[in-house]
Structures are given as C-alpha cells and as structure tokens.
Amino acid sequence: MLKGHQTWIFQSKPVILASAAVGGPFEAAGALSEDFDILHQDIWLGQDSFEKAEKVLLEEAAQKAMDKAGIKKEDVQFFLSGDLMNQIISSSFAARTLGMPYLGIFGACSSSMEGLALGSLIVDSKSANYVLAAASSHNAAAEKQFRYPTEYGAQKPPTAQWTVTGAGAALLGQEGNGPRVTSATIGRVIDMGISDPFNMGAAMAPAAVDTIEAHFRDLSIDPTYYDVIATGDLGKVGHRIASDLLTEHGLIIPDNILTDCGLMIYKPEQPVIAGGSGCACSATVTYGHFLNRMREGKLKRILIVATGALLSPMSYQQKESIPCIAHAVSIEM
C-alpha cells in the first residue's frame with residue numbers, strides 16, 4: 001500500500017527467515033567480524049580475478065542464507081541482486097550458478113535496500129512465497145573500475161573510503177519467525193554537483209537526508225520510533241554532513257540513534273581513511289550485525305537507509321557530476 005508520496009507499507013510484513021554475511025580479510029579484522037557467517041583471509045578467494053572472487057562471495061552468502069532457513073534453491077521464486085561491476089556481472093554470474101529466476105538491479109551502494117524493498121513488495125503482493133535479496137562488492141574490483149588499480153599504490157585524499165569486500169543476502173518469506181519488513185521509502189535521484197569520485201560521502205549525504213525526511217513525512221512518525229537509523233556508507237565526511245543537514249532542516253535525530261554502516265564495520269586503527277563503502281557495506285552490516293542484534297532482542301525497530309552514487313567510469317571521464325540516491329527500509333521484530 002502506498003503511503004504518502006514515496007513509501008510502501010507492507011500489509012503482511014514479509015519475514016526475513018534468514019540472512020547471511022560473507023567478508024574478506026579486512027572485514028575479518030574489523031569491528032563486526034563476529035557477525036559474519038564466513039570470513040576469507042585471501043582477497044582472491046582462490047580465483048584468478050577479483051571479479052570472480054566477488055561472484056564467489058555472493059554465491060556463498062546466498063547459499064548460506066538458504067541453508068540457515070532450511071530452504072532449497074528450487075523453492076525460491078526470485079533472486080534479486082546488485083553490485084558495482086559494469087553490467088552487474090557479479091550478480092548475473094552468481095544467478096547463473098544459482099539457477100533461480102533472476103531480477104538484476106543497480107542502485108550502486110543502495111542496491112542492498114533496493115533489493116530488500118522490491119523483494120518485500122513481491123512477497124507482500126503474494127507474487128512469491130520466497131525471495132532472495134542480495135548485494136556484493138569487492139575492494140580491489142571496485143578500485144580497478146572506478147579509481148586506480150590497487151597495484152598502483154595511488155595516494156588517496158582524506159575523504160576517500162574503503163570498499164567492503166563481502167556480500168550479504170536475506171531470504172524473505174510470507175510466514176515464519178524473524179524480523180519483519182514493515183515499510184520502504186524509495187528515494188529520488190539527488191545531484192548537488194559534486195564530481196570527485198574520492199568524496200562519495202559528501203555526494204551521497206543529501207540523497208540520504210532527502211529519503212530520511214520523506215520517510216518520516218510519509219509515515220507521520222518521529223525518529224525516536226526507531227532504535228537505530230543507519231545510513232549505508234556515508235563514512236566520516238558524509239555522516240557529519242547528513243547530520244548537519246537534518247538538524248538544519250529541523251529533523252533532530254539523537255546521536256545514539258543515527259549512525260552509518262561505513263563507520264561501524266571497521267576498527268579505528270584500520271587504514272580505511274573516511275570509513276567503509278560499497279554495496280556490501282550496508283548489506284553485511286544489516287544482514288549480519290543488525291539482524292543478529294534483533295534476533296537477540298537487543299533491537300526492536302531499525303531503519304536502514306542505503307546510499308548509492310550512480311556514476312560510471314564513462315560518466316566520470318566525461319566530467320559528469322555524481323547523481324546519488326538512497327532507499328530506506330524499516331525492519332521490526
């Protein structure tokens with residue numbers, strides 16, 4: 001059901017039957033390592049390319065989520081997934097392995113919640129019994145495509161972020177036990193003219209603010225309704241900008257509620273500069289850390305606002321600015 005201008009209310013409250021998070025070496029050394037189901041010490045995962053390694057991460061997360069739920073892949077009606085690679089090859093090639101009906105999505109780093117929102121809509125409309133929503137990213141693959149290959153050892157500015165190597169997946173169903181998806185606010189594309197690919201946090205912050213404001217405006221609720229409101233990967237720079245913008249616009253969210261997945265996933269001593277980023281940032285923190293805390297009874301209501309920068313190598317080379325988007329999904333226990 002549509003509420004307000006851009007928010008869906010899910011009447012049946014699709015249940016997240018199981019979720020899984022897979023990570024690489026940096027994530028294994030990070031602050032949330034205990035919330036990952038699988039951690040790899042080899043960034044190559046035994047493959048001969050970083051892109052193939054990312055595909056394996058996604059396949060593992062999808063299979064792990066199904067195993068935890070006790071659901072066979074033949075029983076899953078749709079697989080929704082997105083990533084950062086050109087033509088979302090990580091998702092498409094993983095879908096080839098999984099052999100499920102597949103809907104590929106691209107929202108850059110907002111893909112995790114875009115997939116969860118669309119998957120919940122499909123389940124809520126009774127168009128499927130089970131839907132698998134997933135997203136992935138790989139540090140070295142993303143660096144090679146969008147910036148400079150890791151092997152170059154290029155110097156990065158203080159605004160740059162560290163792309164998470166990992167994948168997250170959630171299995172949605174009509175009935176069962178677990179956290180439930182109650183609503184989703186679909187974001188608008190916001191472009192403030194920033195064109196620096198090393199400053200994604202600043203580029204994405206206005207989009208996060210726009211979606212957060214729309215969510216509370218559409219639902220007529222107060223931010224304190226949630227235990228946690230987490231943006232996807234704004235990092236230190238973007239999180240500060242978003243917090244300032246929200247305050248400036250009169251939407252005061254307490255510091256103990258508003259956080260960012262990119263600030264949570266790594267330890268302060270890790271050389272991640274401004275924090276974590278990538279499709280797997282919000283996917284692994286949500287499908288690992290946050291949902292684990294919900295199942296433990298430590299969190300009851302969370303709002304995940306996954307943020308994405310919708311640039312491509314071609315648009316950057318043509319001196320285009322960076323259009324951004326954010327999608328918000330509310331999950332309640």
Side-chain angles (χ1 to χ4, degrees), residues 18-68 81-85 88-91 93-94 96-98 109 111-112 132 134-156 160-170 232-233 235 260-293:
S19 61
V22 180
F26 245 63
E27 294 66 40
L32 305 180
S33 59
E34 293 184 358
D35 288 307
F36 283 80
D37 295 280
I38 302 172
L39 287 166
H40 295 274
Q41 294 303 320
D42 172 22
I43 199 171
W44 294 86
L45 274 72
Q47 306 298 308
D48 58 11
S49 75
F50 298 129
E51 291 76 15
K52 289 181 180 178
E54 182 176 340
K55 177 184 76 76
V56 173
L57 290 168
L58 191 53
E59 291 169 354
E60 289 180 340
Q63 189 61 56
K64 189 66 175 180
M66 290 186 289
D67 290 345
K68 290 166 76 172
S81 184
D83 57 80
L84 295 175
M85 294 294 95
I88 54 172
I89 56 171
S90 301
S91 297
F93 288 11
R96 177 182 65 186
T97 301
L98 293 170
C109 302
S111 295
S112 62
L132 187 62
S136 67
S137 57
H138 191 291
N139 181 275
E143 289 297 308
K144 182 168 65 176
Q145 178 168 291
F146 287 101
R147 287 171 281 271
Y148 299 105
T150 303
E151 294 86 347
Y152 283 15
Q155 186 70 33
K156 295 183 179 180
Q161 294 171 247
W162 183 273
T163 303
V164 171
T165 297
D233 61 339
D260 180 74
C261 297
L263 295 178
M264 298 175 61
I265 191 167
Y266 297 119
K267 293 178 180 177
E269 62 267 26
Q270 288 182 282
V272 295
I273 318 177
S277 68
C279 294
C281 188
S282 58
T284 57
V285 174
T286 300
Y287 297 150
H289 176 74
F290 283 133
L291 291 190
N292 285 347
R293 299 295 87 77

With salt bridge (Lys or Arg N to Asp or Glu O under 4.0 Å) as the criterion, how do Glu51 and Lys55 come out once you've worked through the C-alpha distance, each side chain's angles and the decisive distance to 0.1 Å? CA-CA 6 Å; Glu51 291 76 15; Lys55 177 184 76 76; over 6 Å; no
Hey, does the side chain of [X] reach the backbone of [Y] with a donor-acceptor pair shorter than 3.5 angstrom?
| X | Y | answer |
| --- | --- | --- |
| Ser282 | Gly232 | no |
| Ser137 | Ala280 | yes |
| Asp233 | Gly262 | no |
| Asp260 | Gly235 | yes |
| Lys68 | Ser19 | yes |
| His138 | Ile43 | yes |
| Gln161 | Gly276 | yes |

Side chain to side chain, [X] and [Y], heavy atoms closer than 4.5 Å:
| X | Y | result |
| --- | --- | --- |
| Glu60 | Asp37 | no |
| Trp162 | Cys281 | no |
| His40 | Thr165 | no |
| Thr286 | Ser112 | no |

Can you give me the closest heavy-atom contact between [X] and [Y], atom names plus distance?
| X | Y | result |
| --- | --- | --- |
| Leu39 | Gly24 | CD2-O, 4.1 Å |
| Thr163 | Gly278 | CG2-CA, 4.0 Å |
| Ala65 | Ala20 | N-CB, 3.7 Å |
| Asp35 | Ala21 | O-CB, 4.2 Å |
| Ser33 | Ala28 | CB-O, 3.3 Å |

Who passes salt bridge (Lys or Arg N to Asp or Glu O under 4.0 Å) against Asp48, sequence neighbours left out? Lys52
Scan residues 262-277 for pairs that pass side chain to side chain donor-acceptor pair (under 3.5 Å), counting only residues two or more places apart or in two chains. Glu27-Tyr266
Taking atom types as modelled, find out whether Glu143 and Asn139 have a side-chain donor-acceptor pair closer than 3.5 angstrom. no
Consider only side-chain N and O atoms of Ser91 and Asp83, and report whether a donor and an acceptor are under 3.5 Å apart. yes
How many angstroms lie between [atom1] in [X] and [atom2] in [Y], if you round to the nearest 0.5 Å?
| X | Y | atom1 | atom2 | result |
| --- | --- | --- | --- | --- |
| Leu45 | Phe50 | CG | CZ | 11.0 Å |
| Ile89 | Glu54 | CD1 | CD | 8.0 Å |
| Phe36 | Ile265 | CZ | CD1 | 4.0 Å |

Given the rule in the side chain to side chain contact (heavy atoms under 4.5 Å, CB included) test, do Leu98 and Met66 qualify, once you have shown the distances and angles that lead to the verdict? CA-CA 11 Å; Leu98 293 170; Met66 290 186 289; 4.2 Å; yes
Here's one to test your reading of the geometry: is the NZ or CZ of Arg96 within 45 degrees of the ring axis of Phe93 and under 6.0 Å from its centre? yes
The single option from Val22, Thr284, Leu58 passing side-chain contact (heavy atoms from CB on, under 4.5 Å) against Ser136: Leu58
